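Keep in mind that the numbers below use all heavy atoms, side chains included, and drop hydrogens, waters and symmetry copies. Every value quoted in this text rests on a predicted model; they were computed, and no experiment measured them. Both ligands and their constituent atoms are indexed starting at 1 by order of listing.
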Amino acid sequence: MTCIPLAVVGGAFCARETEQLLLREAFRENFLIGAALNDDVVSGKDPRAAAIVAKQFNTITAENAMKWVWIHPAPNTYDFGPADRFVEFGEKNAMWIVGHALVWHSQIPDWAFEDDAGGLLTRNAMLARLKDHIGSVVGRYKGRVRAWDVVNEALTDEGGIRNSKWKQTIGEDFIAKAFEYAHQADPDAELYYNDFSLDKPAKREACVNLVKDLKARGLRVDGVGIQGHWGMDYPTTDNLEAFIIATGALGVKVMVTEMDLDILPTAWEYEGADVSKRVALQVGLNPYVDGLPPVMEKKLTDRYVELFSVLCKHSDKVDRVTFWGVYDKTSWLNNWPVRGRTSYPLLFARDYQPKPAFYAVLGAVEKKK
Ligand code: G3I
């Protein structure tokens, strides 16, 4: 793939020009570009967001519809409605459809790990439940969902395997088993490992070793996704590049799977995306209720350009960049790690209009053509 270096864009765009500016066209030679969709987008309740997706992107990920707690809420009970709508939306718009996420320690009901008496299942019983779940979900969308986040967030920042109920019931090879079952359910689907903070050296190394281990077992693994819930000063571009190079050297696709940039004051020193952590709303943590001041807008824009420059530089290895949401108003970051904040993490504003960051990222590509 060719790479078009980016620079901060100057000047203004008239309305007619902006109509021609399409992310999916600008990055066609670089990587797929997409967004995670909630049910309002695919069900028709948010038609303006749906229009942005149809026009700008060529790949979509299910933000929530395919997580265990929603798609498999009770034993032998599946709710495929939202996931069906999501897949139909993707097919209608000829998109690369990504399923998220088959195995995660979060967003899964306790019963999934328990026997009738409320005790933890044995390894064999849990393996059978995992195989049944993956077979049901992946099997339903065989040939339609083109790729799956098979395992999400199994590594710790220190480079170990998270002590989840998956590990407690099955053992550390729950990861390998999930990849095995997903491949059995749809041999043509691409299979990914997905996690946050993979730019951190210890976690990066653990991820590299994990992919090597899966390959050594003869399993199919097509790619690694770094989530990309990033801030103004993390990750460093050096660490991001090191991750892309180390992962790309394994011969798998490198993807940014959940990109958004947090410009709000940090609620703590923590940089990851653990949904179990939340702090109480404080006024000082929500300073831009009435809009981003120009100096902060520029900071966000410049940071987007900086990160896209790295991604473009390595577009021989980077296969996809997916934003975690379509526009600022419905980003998860309005409610995490503090509920009820006004956040500005994406390329489209609360009123659906493209932001300066959109023009900076995309306009710079246009200029170089
Ligand atoms: O749909 C219900 C609604 O009926 C109910 O009234 C409301 C009350 O809280 O909750 C709604 O569900 C919420 C759901 O998002 C849909 O909006 C859940 O509470 C909320 O916990 C859930 O948050 C999602 C979170 O994962 C947990 O599943 C976010 O939307 C989603 O963006 C986020 O995505 C994760 C990725 O899957 C993995 N990587 C980190 C990323 C960010 O946390």
Side-chain angles (χ1 to χ4, degrees), residues 34-43 45-46 49 53 59-73 79-83 85-86 97-110 112 137 145 147-157 162 164 166 178 192-200 203 207 223-231 234-235 255-262 264 266-268 270-279 281 320-341 343-346 348:
L37 307 188
N38 62 34
D39 194 47
D40 284 355
V41 177
V42 300
S43 68
K45 285 191 197 143
D46 195 347
V53 176
T59 176
I60 56 172
T61 301
E63 184 176 5
N64 287 309
M66 291 170 159
K67 291 171 181 170
W68 191 307
V69 69
W70 283 290
I71 206 166
H72 191 177
D79 178 5
F80 290 117
R85 283 194 284 277
F86 164 77
I97 302 173
V98 181
H100 168 91
L102 297 171
V103 170
W104 190 18
H105 63 277
S106 184
Q107 312 301 299
I108 179 166
D110 288 342
V137 175
V145 170
W148 287 94
D149 289 337
V150 178
V151 177
N152 189 42
E153 301 176 8
L155 297 172
T156 66
D157 285 4
R162 184 189 293 274
S164 64
W166 289 110
Y192 308 142
Y193 177 73
N194 195 56
D195 211 330
F196 57 83
S197 297
L198 291 176
D199 53 286
K200 294 187 172 174
K203 202 162 182 178
C207 179
V224 170
I226 185 169
Q227 290 184 357
H229 299 295
W230 290 328
Y234 63 90
M255 294 159 290
V256 182
T257 52
E258 306 184 13
M259 189 171 189
D260 46 31
L261 299 187
D262 192 357
L264 298 183
T266 36
W268 54 58
Y270 178 77
E271 298 172 0
D274 186 334
V275 288
S276 68
K277 309 207 178 196
R278 200 189 288 274
V279 300
L281 173 62
R320 171 167 63 94
V321 178
T322 295
F323 295 95
W324 203 242
V326 180
Y327 67 125
D328 287 344
K329 190 176 174 188
T330 52
S331 164
W332 73 295
L333 287 172
N334 293 301
N335 289 305
W336 188 94
V338 178
R339 269 194 206 279
R341 292 203 292 181
S343 74
Y344 299 86
L346 299 166
F348 293 89

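- Ligand 1 places these atoms under 4.0 Å from at least one heavy atom of Glu153: 38 (C), 39 (N), 40 (C).
- Ligand 1 lies less than 4.0 angstrom from a heavy atom belonging to Trp324.
- Both cation-pi conditions hold for Lys203 and Phe196: the charged atom is under 6.0 angstrom from the six-membered ring centre and inside a 45 degree cone around its axis.
- Put simply, the side chain of Asn152 reaches to within 4.5 Å of the side chain of Gln227, judged on heavy atoms.
- Ligand-side atoms of ligand 1 in range of Asn152: 38 (C), range being under 4.0 angstrom from any heavy atom.
- Nearest to atom 22 (C) of ligand 1 by heavy-atom distance, out of Trp332, Phe196, Trp70, is Trp70.
- Interface of Gln227 with ligand 1, defined as ligand atoms under 4.0 Å from a residue heavy atom, comprises 38 (C), 39 (N), 40 (C).
- Using cut-offs of 30° and 60° on the angle between ring planes, the pair His72 and Trp68 is parallel.
- Between Trp336 and ligand 1 there is no heavy-atom distance shorter than 4.0 Å.
- For ligand 1, one of its N or O atoms has an N or O atom of Asn64 under 3.5 Å away.
- Tyr192 places a side-chain heavy atom less than 4.5 Å from the side chain of Arg320.
- The ring pair (Phe, Tyr, Trp, His ring centres under 6.0 Å) check on Phe323 picks up nothing, with sequence neighbours excluded.
- Looking at Glu63, Lys67, Gln107, it is Lys67 that brings a heavy atom closest to atom 26 (O) of ligand 1.
- Every residue meeting the side chain to side chain contact (heavy atoms under 4.5 Å, CB included) condition with Ala49, not counting sequence neighbours, appears here in chain and number order: Val41, Asp46, Val326, Tyr327, Tyr352.
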